Colleague: 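What follows is a single structure, and I will ask about it in a moment.
Here the structure is a predicted model, which means the values were calculated and not measured. Residue numbers start from 1 in every chain, and the chains themselves are labelled A, B, ... in the order their sequence lines are given, proteins ahead of strands.
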Protein chains: 2
Amino acid sequence: MLERSDLAIAREAVLFASLPEDLADSILNRATTRSYRRGETVFLQGDPAESIFVVLNGWVKLFRLTSTGAEAVVGVFTKGRSFGEAVAFAGGAYPVSAEAVTDARLLHVRASILSNMMSDRPEIAKAILSSAFRHLHGLVAQLEQLKAHTGAQRVAEFLLELCERGSGSCTITLPYDKTLIAGRLGMQPQSLSRAFNRLEAQGVKISHNQAMIADIERLREYMLQDRSAPWRKAE
Amino acid sequence: MLERSDLAIAREAVLFASLPEDLADSILNRATTRSYRRGETVFLQGDPAESIFVVLNGWVKLFRLTSTGAEAVVGVFTKGRSFGEAVAFAGGAYPVSAEAVTDARLLHVRASILSNMMSDRPEIAKAILSSAFRHLHGLVAQLEQLKAHTGAQRVAEFLLELCERGSGSCTITLPYDKTLIAGRLGMQPQSLSRAFNRLEAQGVKISHNQAMIADIERLREYMLQDRSAPWRKAE
DNA sequence: GTTTCCGCTTCACCAAAGTCAAGAAATCGG
DNA sequence: CCGATTTCTTGACTTTGGTGAAGCGGAAAC
């Protein structure tokens, strides 16, 4: 049912990584996959939560629609990341909507299956809690970012997360379009453009969807700066 | 060990509410309580997470300290609310710090106890997941607030959450000091003051730690307004 | 009672970012 | 290859909210 490569990706996911192989496989055997087109909805906020999802490829965004139609992006996930764990067990409705932002393939795991297996194998509960914790941690980090960093600093942080290396220079490909990056960072696309300009002073060059960072350490220092630190003027 | 009134509060908490009474009690029998003075630290971000906490009375804030010493408040909890569920099982370190903001009493439940019991009684896992989901939902709501609402709107939302009634007028007591309210809403105390002033136009009066809302519906409408809606000028 | 301290508010100023609008650049369909 | 749509950037303007300083008032301490 699942292709070999799908299995490999799913097993790497936090959700399954800590489980013994036999257990992971017996869950994965009962899971299904589905492809989504760019822009297609996976679920809407308010839908009854019955499944847990694991991204096999492509990108999926989770977002909240406000009463007035504005959207607040809450997470953007790619290969190996799961979502929906906690809510599917709390038996409620999804508090966010999910949409494929590129063509994507997702693994669906019905919560009821896991729920049944959980009685025999309590490790499952811990695996799910680990995933849930990861989400909590991610949200807390986002809150901190929003409350304590300027737009340009958030952009710097975003770029640094994409860097493999810890120092020196590096070139990265922006993983999805700038409109979405702006949403993820809680700003308007216009402000993202301006933030990129501002980062030029820190040795960052953007062209098309490539970002070149001249000095990772320098950028990291910029990102960590106190908000009220214009002593050293915008260079 | 636990007083009768403590038991009653703990049983109401999301964490225990869904559990059969015998199970809840056997957990609570193995839990301890402790009192904290105003300002006392419960744990620090980075501490190994061994316990889950339930607030019995008083108020506790969860916050993150940035590298530069700024703090970002991530939650403020009172009677019946629990925290630390997910992380205690993921076996990691607390990603936030916790501090009593008033004199407070907390129930401590060692994660290892729950962990052991979980094998026999899988309902426990679901109770914990429900609590974790509640936190997730709360954080998502905060993100939406920050990204989509102005300061004054966030204050309005905060006040409305404290209202029991759904319409008409109401008077509420601010549950903790304004500095903390400002932190919880992601703004400076000065900005909170200004926001209160702005809300006067919406029929909100603040004196000392009392807030009088003349018309709940009106305030709710104000809070729901699109950010880009100054067509009807700031009245 | 008076002093001190703390929490809160107000003011003036400024930087950050949203809004509106126009234009450039890239992408896609024919 | 060309036109049309979408995405991105830029500019001018406005609003929001942060910053620092000053002032007010209440509560606890002397």
Colleague: Is there side-chain contact between B:Glu12 and B:Ile9, with heavy atoms separated by less than 4.5 Å?
Modeller: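 In short, these two side chains do not touch, never coming nearer than 4.5 Å.
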Colleague: Give me the bend of the helix from C:dG1-D:dC30 to C:dG30-D:dC1, using the axes of the five pairs at each end, rounded to 10°.
Modeller: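 Its terminal axes enclose an angle near 40°.
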Colleague: Give the ring-plane orientation class for B:Phe83 versus B:Phe43, where under 30° counts as parallel, over 60° as perpendicular and anything between as tilted.
Modeller: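 Rings of B:Phe83 and B:Phe43: tilted, as their planes differ by 30° to 60°.
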Colleague: Expressed as a whole number of angstroms, how long is the span from B:Ile206:CD1 to C:dT10:P?
Modeller: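 One finds 12 Å between P of C:dT10 and CD1 of B:Ile206, rounded.
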Colleague: Taking N and O atoms by type only, does the side chain of B:Arg194 place a donor or acceptor under 3.5 Å from a partner on the base of D:dT15?
Modeller: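 There is none.
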Colleague: Verify the neighbour count for atom NZ of B:Lys178: are there more than 12 heavy atoms of other residues, nucleotides or ligands below 6.0 Å?
Modeller: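 More than 12 heavy atoms, drawn from other residues, nucleotides or ligands, come within 6.0 Å of this atom.
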Colleague: Does B:Glu71 have any side chain to side chain contact (heavy atoms under 4.5 Å, CB included) partners at least two apart in sequence or in another chain, and if so, which?
Modeller: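 Testing B:Glu71 for side chain to side chain contact (heavy atoms under 4.5 Å, CB included), a comparison that skips the adjacent residues, returns B:Lys61, B:Phe63, B:Leu65, B:Val73.
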Colleague: Summarise how protein sits on nucleotides 23-30 of chain C as a single string, 5' to 3': B when a protein heavy atom is under 4.0 Å from the base, S for sugar-phosphate-only contact, - for no contact.
Modeller: ---S----
Colleague: Can you tell me how the ring of B:Trp59 sits relative to the ring of B:Tyr176, calling it parallel under 30°, perpendicular over 60° and tilted otherwise?
Modeller: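 Aromatic pair B:Trp59/B:Tyr176 classed perpendicular.
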Colleague: Does NZ or CZ of B:Arg34 fall inside the cone over B:Tyr36's six-membered ring, less than 6.0 Å from its centre and within 45° of the axis?
Modeller: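 Checked: cation-pi criterion met.
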Colleague: For C:dT9, does OP1 or OP2 lie under 4.0 Å from any side-chain N or O of B:Asn197?
Modeller: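 So the side-chain polar atoms of B:Asn197 never come under 4.0 Å of the phosphate oxygens OP1 or OP2 of C:dT9.
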Colleague: To the nearest Å, give me how far apart CD (A:Gln210) and C1' (D:dC8) are.
Modeller: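 Atom-to-atom, A:Gln210 to D:dC8, this comes out as 16 Å.
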Colleague: Write down the distance between OH (A:Tyr176) and P (D:dT6), rounded to a whole number of angstrom.
Modeller: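 In whole Å, D:dT6 P lies 23 Å from A:Tyr176 OH.
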Colleague: Counting only heavy atoms and a strict 4.0 angstrom limit, can you tell me which residues of residues 140-160 of chain B come near DNA chain D?
Modeller: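 Of all residues in residues 140-160 of chain B, the ones placing a heavy atom under 4.0 Å from DNA chain D are B:Thr150, B:Gly151.
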Colleague: Between CG of A:Leu162 and CD of A:Glu157, what distance do you get to the nearest 0.5 Å?
Modeller: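 If we round to the nearest 0.5 Å, A:Leu162:CG and A:Glu157:CD are 11.0 Å apart.
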Colleague: Please examine the side chains of B:Val155 and B:Met187, heavy atoms only from C-beta on, and report whether any two atoms are closer than 4.5 Å.
Modeller: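 Contact flag for B:Met187/B:Val155 side chains = yes.
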Colleague: Please list, in numerical order, the residues of residues 180-191 of chain A that have a heavy atom closer than 4.0 Å to any atom of DNA chain C.
Modeller: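 The answer is A:Gly186, A:Met187, A:Gln188, A:Gln190, A:Ser191.
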Colleague: Rounded off to whole Å, could you give me the CZ-to-C1' distance for the A:Phe196 and D:dT10 pair?
Modeller: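 So the two atoms are 15 Å apart, to the nearest Å.
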Colleague: Given salt bridge (Lys or Arg N to Asp or Glu O under 4.0 Å), test A:Arg220 with A:Glu217 step by step and report yes or no.
Modeller: CA-CA 5 Å; A:Arg220 173 167 298 124; A:Glu217 282 304 341; 3.7 Å; yes
Colleague: B:Arg198 has a side chain; which of D:dG17, C:dT9, C:dG18 sits nearest to it?
Modeller: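 When the side chain of B:Arg198 is considered, D:dG17 is the closest of D:dG17, C:dT9, C:dG18.
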Colleague: Tell me, please, which residues at least two apart from A:Gln45 pass side chain to side chain donor-acceptor pair (under 3.5 Å).
Modeller: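 Side chain to side chain donor-acceptor pair (under 3.5 Å) check on A:Gln45 returns nothing, list empty.
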Colleague: Starting from C1' on C:dA16, measure out to CG on A:Leu192 and report it in whole angstrom.
Modeller: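 Distance, rounded to whole Å: 15 Å.
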Colleague: Can you tell me how far the CZ atom of A:Arg134 sits from the OG atom of A:Ser130, to the nearest 0.5 Å?
Modeller: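 It is 10.5 Å, given to the nearest 0.5 Å.
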Colleague: What I want to check is whether the side chains of A:Gln210 and A:Thr173 have a donor and an acceptor closer together than 3.5 Å.
Modeller: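 Their side chains do contain a donor-acceptor pair, which is all the 3.5 Å distance test asks for.
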Colleague: Using whole Å, report how far CG of B:Asp177 lies from C1' of D:dG25.
Modeller: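 Those two atoms, CG and C1', are 16 Å apart.
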Colleague: Could you check if a side-chain atom of B:Leu159 sits within less than 4.5 angstrom of a side-chain atom of B:Leu199, using non-hydrogen atoms only?
Modeller: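 Contact flag for B:Leu159/B:Leu199 side chains = yes.
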Colleague: Does any non-hydrogen side-chain atom of B:Pro95 lie less than 4.5 Å from one of A:Phe133?
Modeller: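 Sidechains of B:Pro95 and A:Phe133: in contact.
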